Amino acid sequence: VSVENTNGVTDLAANAFSYCTSLTGIDFPDLRQVTGNPFFHCTSLHTVTSPLTSEDGRCLVDDKGTLASFIPGGLTEYTMPENITSIGVSAFSEVCNLVSLNMSDSVTSIEQNAFYGCSSLESVTFSSNLEVIGRYAFDGCNNLKSVTLPSSIRLIEEHAFQGCHNMAYMMCYAPVPPCLSESGDPYYNGLNGLEPDRIMILVP
């Protein structure tokens with residue numbers, strides 16, 4: 001399934017094509033702005049052609065360098081292109097086919113729900129310049145067995161790894177421990193949802 005006659009469309013809003021699971025390709029030759037993830041849960045989508053799409057056709061990136069939407073069709077492994085500074089809200093949400101991700105070193109933040117429900121995700125190589133992991137960023141990634149966070153990490157927001165039931169260890173290279181909540185509430189922090197009797201947190 002494809003969509004035609006998109007000439008003149010300059011803006012795409014969040015959820016514009018959500019759950020269009022039969023959509024395989026779409027072309028927006030005049031696209032100038034994207035807000036949020038317009039292709040949430042478009043599981044068959046292989047190609048989005050637009051001035052805001054990365055060269056490999058897999059990332060829809062706004063003018064601030066935020067990856068707004070990932071085009072998941074047919075991929076189990078992915079290496080992000082450079083010049084993406086942030087992974088936006090729900091950008092990879094419910095991309096259930098993705099097993100492995102290599103993040104570009106230009107990324108400094110992962111926003112809320114960015115990888116929510118990526119149930120097949122087993123391996124993430126984080127940016128060496130990553131500073132912030134947002135709320136519920138990896139919620140429901142129940143095949144994620146370990147993470148290694150770079151020395152640049154300074155904030156892990158509430159429930160960032162909730163539902164990562166199979167995680168065995170987290171390694172954190174930050175010489176100053178990252179803040180686990182902007183609110184300061186100890187009951188709502190970045191490690192909520194992990195099982196402290198099973199997980200090992202390794203630090204320098």
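Computed from a predicted model, the values in this text were never measured in an experiment. If you read the sequence from its start, that first residue is 1, and numbering goes on from there. Computation of the quantities below employed the complete heavy-atom set of this structure, encompassing side-chain atoms and omitting hydrogens, waters and symmetry-equivalent molecules.
- Distance CG/D105 to CG/N129: 5.5 Å, rounded to 0.5 Å.
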Run K64 and S86 through side-chain contact (heavy atoms from CB on, under 4.5 Å) and show every step you take. CA-CA 9 Å; K64 297 178 181 178; S86 177; over 6 Å; no

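- Considering CG of L121 and OG1 of T76, their distance stands at 11.0 Å, rounded to 0.5 Å.
- In this structure, T53 and R58 approach most closely via the heavy-atom pair CG2-N, 4.3 Å.
- Within 6.0 Å of CD in E82 there are more than 12 heavy atoms belonging to other residues, nucleotides or ligands.
- With a 4.5 Å cut-off between side-chain heavy atoms of Ile, Leu, Val, Met, Phe, Trp and Tyr, the cluster of V89 takes in none.
- A side-chain donor-acceptor contact under 3.5 Å links S120 to the backbone of C96.
- Residue T49 holds its OG1 atom at 10.5 Å from CG of L60, rounded to the nearest 0.5 Å.
- In this structure, the separation between OG on S181 and NE2 on H159 is 9.0 Å, given to the nearest 0.5 Å.
- Side-chain N or O atoms of N97 include one that pairs as donor or acceptor with a backbone N or O of P72 at under 3.5 Å.
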What side-chain donor-acceptor pairs closer than 3.5 Å can you find for residues 26-38, not counting sequence neighbours?
{"unit_1": "D30", "atom_1": "OD2", "unit_2": "G8", "atom_2": "N", "d": "2.7"}
{"unit_1": "R32", "atom_1": "NH1", "unit_2": "D30", "atom_2": "O", "d": "3.4"}
{"unit_1": "N37", "atom_1": "OD1", "unit_2": "F39", "atom_2": "N", "d": "2.9"}
{"unit_1": "N37", "atom_1": "OD1", "unit_2": "F40", "atom_2": "N", "d": "3.4"}
{"unit_1": "N37", "atom_1": "OD1", "unit_2": "S69", "atom_2": "OG", "d": "2.6"}
{"unit_1": "N37", "atom_1": "ND2", "unit_2": "S90", "atom_2": "O", "d": "2.9"}

Side chains of residues 137-145: which donor-acceptor pairs under 3.5 Å do they make with residues two or more places apart or in other chains?
{"unit_1": "N143", "atom_1": "ND2", "unit_2": "S119", "atom_2": "O", "d": "2.8"}
{"unit_1": "K145", "atom_1": "NZ", "unit_2": "N143", "atom_2": "O", "d": "3.4"}

Under the side-chain contact (heavy atoms from CB on, under 4.5 Å) criterion, do L67 and C59 qualify, and how do the steps go? CA-CA 6 Å; L67 195 164; C59 298; 3.6 Å; yes

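- D56 and S54 make their closest contact through OD1-OG, 2.6 Å (heavy atoms, listed as atom of the first residue, atom of the second, distance).
- More than 12 non-hydrogen atoms from other residues, nucleotides or ligands lie less than 6.0 angstrom from OH of Y19.
- Hydrophobic clustering of Ile, Leu, Val, Met, Phe, Trp and Tyr side chains at less than 4.5 Å, counting indirect connections, keeps V132 apart from I87.
- Panel note: side chain S104, backbone P81; a donor-acceptor pair is recorded below 3.5 Å.
- When the shell of 6.0 Å around CE of M200 is examined, it contains 12 or fewer heavy atoms from other residues, nucleotides or ligands.
- The nearest pair of heavy atoms linking T66 to E111 is CG2-OE2, 4.0 Å.
- Taken together through direct or relayed side-chain contacts under 4.5 Å among Ile, Leu, Val, Met, Phe, Trp and Tyr, Y116 and V124 form parts of separate hydrophobic clusters.
- With sequence neighbours left out, the side-chain hydrogen bond (donor to acceptor under 3.5 Å, both in side chains) criterion links T43 to no other residue.
- In this structure, the side chains of Y78 and V95 stay at 4.5 Å or more apart for every pair of heavy atoms.
- Between P178 and A174, the closest heavy-atom pair is CD-CB, 4.3 Å.
- Between G74 and H46 the shortest heavy-atom distance is N-NE2, 3.7 Å.
- At a threshold of 4.5 Å between side-chain heavy atoms, the hydrophobic network of Ile, Leu, Val, Met, Phe, Trp and Tyr places Y136 and L101 in two separate groups.
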Audit row: F161, V147, side-chain contact (heavy atoms from CB on, under 4.5 Å) steps and yes/no: CA-CA 10 Å; F161 294 96; V147 296; 4.1 Å; yes

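- You'll find the side chain of C20 reaches within 4.5 Å of the side chain of C42, heavy atoms only.
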For residues 148-157, tabulate all N or O donor-acceptor pairs below 3.5 Å that involve a side-chain atom, not counting sequence neighbours.
{"unit_1": "S152", "atom_1": "OG", "unit_2": "S128", "atom_2": "O", "d": "3.2"}
{"unit_1": "S152", "atom_1": "OG", "unit_2": "L130", "atom_2": "N", "d": "3.2"}
{"unit_1": "S152", "atom_1": "OG", "unit_2": "L130", "atom_2": "O", "d": "2.6"}
{"unit_1": "R154", "atom_1": "NE", "unit_2": "E131", "atom_2": "OE1", "d": "3.3"}
{"unit_1": "E157", "atom_1": "OE1", "unit_2": "R135", "atom_2": "N", "d": "3.2"}
{"unit_1": "E157", "atom_1": "OE1", "unit_2": "R135", "atom_2": "NH1", "d": "3.3"}

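- Taking CG of D63 as the reference point, atom CG of L52 lies at 8.0 Å (rounded to 0.5 Å).
- With values rounded to the nearest 0.5 angstrom, S146 atom OG is found 10.0 Å from M170 atom CE.
- Partners of S100 by side-chain contact (heavy atoms from CB on, under 4.5 Å), not counting sequence neighbours, listed by chain and number: E77, S123.
- In terms of modelled atom types and a separation under 3.5 Å, the side chain of T125 and the main chain of N102 share no donor-acceptor contact.
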